[in-house]
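This is a predicted model, so every value here is computed, not measured.
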Amino acid sequence: VKVIHEDNRNGWGAAIKLGIKEAVNERISFFPIDNQYSADELTKIINNSIGNIITFRIGSQNTLFRNFQSLVFKKIVNKFLNINFKDINSLKIIDRSYLINNKFANDWEIDQDILLHIHNNEIKYEEIGINLYKRNIGKSKTTFFDIFILLLKIINKKK
């Protein structure tokens, strides 16, 4: 495990791109620090699968509104980008070679960029469920308005 800390606060996507660049192992994962996923559970998933993994959240302990918001977002992104993933913003474990030298976004739009890249390049992957726990570090700053901004970016990407 190599922890890479992005000090400049240029966004989730910028931190992931730095991780892709600095990583030394073949497979990489992006693990958010809000502590909603179990590192032990992620380790078991990694140890029991050899390919690319796109997780989907199960057993969510988020609020009903947040779960509804995530469901609507997932449905819209899948529809607009003509993809079919069980989750959009969940953990990914991917062979680094598929991600190097790509023009991914610097914000949280990077999750959609990576999934679209996987889909368009017919990269093989396995979808595996992972528990989502109640956030116990920090508070989400994402608003319903942010989702509309992201959807506009996705619509623009499709053009």
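- Between Y133 and S38, the shortest heavy-atom distance links the atoms CE1-CB, 3.9 Å.
- Annotation: the span from L99 atom CG to K21 atom NZ amounts to 15.5 Å, rounded to 0.5 Å.
- If you take CZ on F73 and CG on N78, they are separated by 9.5 Å, rounding to the nearest 0.5 Å.
- Note that CD1 of I114 is 11.5 Å distant from CD of E109, once rounded to the nearest 0.5 Å.
- Taking the ring-ring contact (aromatic ring centres under 6.0 Å, His included) definition, one finds that H117 meets it with F104, sequence neighbours left out.
- Within the 4.5 Å cutoff, no side-chain heavy atoms of I83 are placed close to those of N120.
- Environment of CG in N47: crowded, with over 12 heavy atoms of neighbouring residues, nucleotides or ligands closer than 6.0 Å.
- Remark: the backbone N or O of L91 is paired with a side-chain donor or acceptor of T55 at under 3.5 angstrom.
- Between S49 and R27, the closest heavy-atom pair is O-NH1, 2.8 Å.
- Shortest non-hydrogen contact noted between N52 and I94 is OD1-CA, 3.3 Å.
- Among all heavy-atom pairs drawn from L81 and Q112, the shortest one is CD1-CB, 4.2 Å.
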I28 and I16: CA distance, side-chain angles, deciding distance, side chain to side chain contact (heavy atoms under 4.5 Å, CB included) verdict: CA-CA 10 Å; I28 58 175; I16 289 175; over 6 Å; no

Should I130 and Y37 be marked as a side chain to side chain contact (heavy atoms under 4.5 Å, CB included) after you check the CA-CA gap, both sets of side-chain angles, and the distance that decides it? CA-CA 8 Å; I130 189 169; Y37 297 100; 3.8 Å; yes

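- At a threshold of 4.5 Å between side-chain heavy atoms, the hydrophobic network of Ile, Leu, Val, Met, Phe, Trp and Tyr places F56 and L116 in two separate groups.
- Annotation for N84 and Y125: closest pair O-OH, 4.4 Å, computed over non-hydrogen atoms.
- The structure places CG of L71 at 11.0 Å from CD1 of I88, a figure rounded to the nearest 0.5 Å.
- A distance of 10.5 Å separates CD1 of I128 from CD1 of I58, quoted to the nearest 0.5 Å.
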Output, in order, the C-alpha distance, side-chain angles, deciding distance and verdict of side chain to side chain contact (heavy atoms under 4.5 Å, CB included) for I118 and Y98. CA-CA 8 Å; I118 288 169; Y98 293 125; over 6 Å; no

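- Counting heavy atoms from C-beta on, the side chains of F30 and I110 never come closer than 4.5 Å.
- Within the 3.5 Å criterion, the main-chain N or O of G11 finds no donor-acceptor partner in the side chain of N106.
- The shortest distance between side-chain heavy atoms of N102 and D113 does not fall below 4.5 Å.
- To the nearest 0.5 Å, the span separating CG on L132 from CD on E41 amounts to 10.0 Å.
- Residues meeting the side-chain hydrogen bond (donor to acceptor under 3.5 Å, both in side chains) test with K74, sequence neighbours left out: none.
- Residue pairs meeting the salt bridge (charged side-chain N to carboxylate O under 4.0 Å, His left out) criterion with at least one partner in residues 84-95, sequence neighbours excluded, are R57-D87, K92-D111.
- Looking at N25 and R96, their side chains never come closer than 4.5 Å, going by heavy atoms from C-beta outward.
- Residues S29 and L42 approach most closely at OG-CD2, 4.0 Å, considering heavy atoms.
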